[in-house]
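Please read all numbers here as calculations on a predicted model, not as lab measurements.
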2 protein chains.
Amino acid sequence: MTTDVVSSMRPLRADAVRNREKILAAAATVFANRGLDATLDEIALEAGVGVGTVYRRFPDKDVLVAALFENSIDEIATLALSAYESENSWEGLVWFMREALSRQCSNKGLRDVVISTTYAEQLKDSAKSRISPALQKLIERAQHDGYLRTDVVEADFPIMEMMISSLGCVTSQLAPDLWRRYLTIMLDGLVVSRDAPTQLEGFPNGDLVAEALRASSRHARRSEGSKELLRDDCQGS
Amino acid sequence: MTTDVVSSMRPLRADAVRNREKILAAAATVFANRGLDATLDEIALEAGVGVGTVYRRFPDKDVLVAALFENSIDEIATLALSAYESENSWEGLVWFMREALSRQCSNKGLRDVVISTTYAEQLKDSAKSRISPALQKLIERAQHDGYLRTDVVEADFPIMEMMISSLGCVTSQLAPDLWRRYLTIMLDGLVVSRDAPTQLEGFPNGDLVAEALRASSRHARRSEGSKELLRDDCQGS
DNA sequence: GGATAAACGGAGCTACTTTCTCCACTTGCA
DNA sequence: TGCAAGTGGAGAAAGTAGCTCCGTTTATCC
């Protein structure tokens, strides 16, 4: 199950086990906030261990990413199955989208795993082969019941999720629930017919997104206040 | 108007003028395909001139970007005004979104200018101050006429455009019109009430988006076949 | 409590990228 | 024909990310 060297040879020393946990915890935090762009150096820093220790435990980033997101990916597959248990087919579909998206929007790392093509490819393939058929069933049922428009197909859903989570990740710090607004609009567009719009949640502050984009692009380069701190440190030429 | 040194001193030599045009044309192509991540070296290559020439004409990337996209940005502002001339307020709004998005989805550079916070900031600020009020009027009219749901505000629109263009740019090579599908769904969600869904255009091939993502992330690193070409050129160690 | 293999930390090496400069050479034009 | 204007592109400068190496520390076993 675990993709590293634990089980094969003699057991890890107690301190090594402790550090391994610290690294996983740190990776969870760092990847969630900064996405998969985060370096193993950053994770080592967050974990309070040296980089060497990280690389000894996880030979490369892919192994660490796989170890971390195995569960989250599995969880999404499970959501698709659970959604089918809902009595109302439309409610089931909506619930699935909301749950899946709330995970991806609050965790930039998870979103990157789902979107990107550089990490954990096989993890995704296996997840996809479980999610697709379940989603397919959800969709067919909602269409059969006359809720979901009949001109959408299974492939549309990952695409719509991608669009919404691209916003969700950008605004996760400043307006963590903003994405729900646009999911609601999309869902109102997916329903076959309705008399009135579904009440929108949240509210988009005018410059909020501009600010969020600025913050997220700044964040992506270096962590927040590093430049100011440096300026204080190195005086003179 | 032009942000570089043309008008101030004595006129440019004829060959310099020619090169300047070549550079602008090359930049238009390269930025459109690869986005603003493209380096001035790439543009020089495409233009068939040396990097030095590019840097002599355009002191830095920001000046070149501003020179190139001034018109495109202006054009979008003009669209918002023209849309108000449509008799039907809903049609006007829809037309504006379609036109604005078709520009951003077919030109990754333009999308980057609109989204990113690293280039042409003042260009965007001036554009925004023209677009926002016009869009505001479009929205109010469509709401007043009972087409557009009343719980959306002006700030929602740039956000929705961002979500859709994020898809549009990724699939611009493999399925250039795919984004229209999701715009249609969103618009069906924005309308106050309707009996049936609007017919969707296009069709999402199952693995198309996965493929597009792979292509675009590969594209982002190096241009397509460069590695293979290099291998042929330099034989031996 | 001492021996020893395991684990640790983090400086620093490698490899790569991007922006931009510099200067020996070429060319348009008066 | 002379020379300022223009050119090309190697390479300097400044980064970044990934990973290794090795002197030091520490858990564990006897």
Q: State which residues pass side-chain contact (heavy atoms from CB on, under 4.5 Å) with B/Asp62; sequence neighbours excluded, sorted by chain then number.
A: B/Asp60, B/Tyr119

Q: Could you check how far CG of B/Leu36 sits from C1' of C/dT19, rounded to whole Å?
A: 15 Å

Q) Roughly, in whole Å, what's the span from CG in B/Leu45 to C1' in D/dA10? A) 15 Å

Q: Would you please name every residue forming a side-chain contact (heavy atoms from CB on, under 4.5 Å) with A/Ser72, sequence neighbours left out?
A: A/Phe69, A/Leu110

Q) Got a sec, which residues hit salt bridge (Lys or Arg N to Asp or Glu O under 4.0 Å) with B/Glu21, two or more places apart in sequence or on another chain? A) none

Q: Measure from NZ on A/Lys61 to P on D/dG18 and round the result to the nearest Å.
A: 4 Å

Q) In chain order, what residues pass the side chain to side chain donor-acceptor pair (under 3.5 Å) check against A/Arg18, with sequence neighbours excluded? A) none

Q.
Whole angstroms only, please: what is the CG-C1' distance between B/Leu64 and C/dT19?
A. 14 Å

Q: Grab the two heavy atoms, one from A/Trp179 and one from A/Arg98, that are nearest each other, plus how far apart they are.
A: CH2-O, 3.6 Å

Q | Residue list, side chain to side chain donor-acceptor pair (under 3.5 Å) with A/Ser116, at least two apart or on another chain | A | A/Thr118

Q | Atom-pair distance (CG on A/Asp37; C1' on D/dG18), nearest Å | A | 14 Å

Q: Let me know the distance between CD of B/Glu46 and P of D/dG9, rounded to the nearest Å.
A: 16 Å

Q: Would you indicate what B/Asp60 reaches in the nucleic acid, counting non-hydrogen atoms under 4.0 angstrom: base, sugar-phosphate, or nothing?
A: sugar-phosphate

**Q.** Qualifying salt bridge (charged side-chain N to carboxylate O under 4.0 Å, His left out) pairs with a residue from residues 167-180 of chain B, counting only residues at least two apart or across chains
**A.** B/Asp177-B/Arg180

(Q) Please enumerate all residues that pass side-chain contact (heavy atoms from CB on, under 4.5 Å) together with A/Ala26, with sequence neighbours excluded. (A) A/Ile43, A/Glu46, A/Ala47

Q: Can you tell me the distance, in whole Å, between the CZ atom of B/Arg18 and the C1' atom of D/dT7?
A: 13 Å

Q.
Rounded to whole Å, please give me the gap between CG in A/Asp41 and P in C/dC13.
A. 15 Å

Identify each atom pair where a protein N or O and an N or O of nucleotides 7-9 of chain C are less than 3.5 Å apart, giving names and distance.
unit_1: C/dA7; atom_1: OP1; unit_2: A/Arg13; atom_2: N; d: 3.3
unit_1: C/dC8; atom_1: OP1; unit_2: A/Asn19; atom_2: ND2; d: 2.4
unit_1: C/dC8; atom_1: OP2; unit_2: A/Arg56; atom_2: NH1; d: 3.1
unit_1: C/dC8; atom_1: OP2; unit_2: A/Arg57; atom_2: NH2; d: 3.1
unit_1: C/dG9; atom_1: OP2; unit_2: A/Gly50; atom_2: N; d: 3.0
unit_1: C/dG9; atom_1: OP2; unit_2: A/Thr53; atom_2: OG1; d: 2.6

Q. In Å and rounded to the nearest 0.5 Å, what is the CZ to CZ distance from A/Arg20 to A/Phe58?
A. 4.0 Å

Q: Note the angle between the end axes of the helix from C/dG1-D/dC30 to C/dA30-D/dT1, five pairs defining each, rounded to 10 degrees.
A: 10°

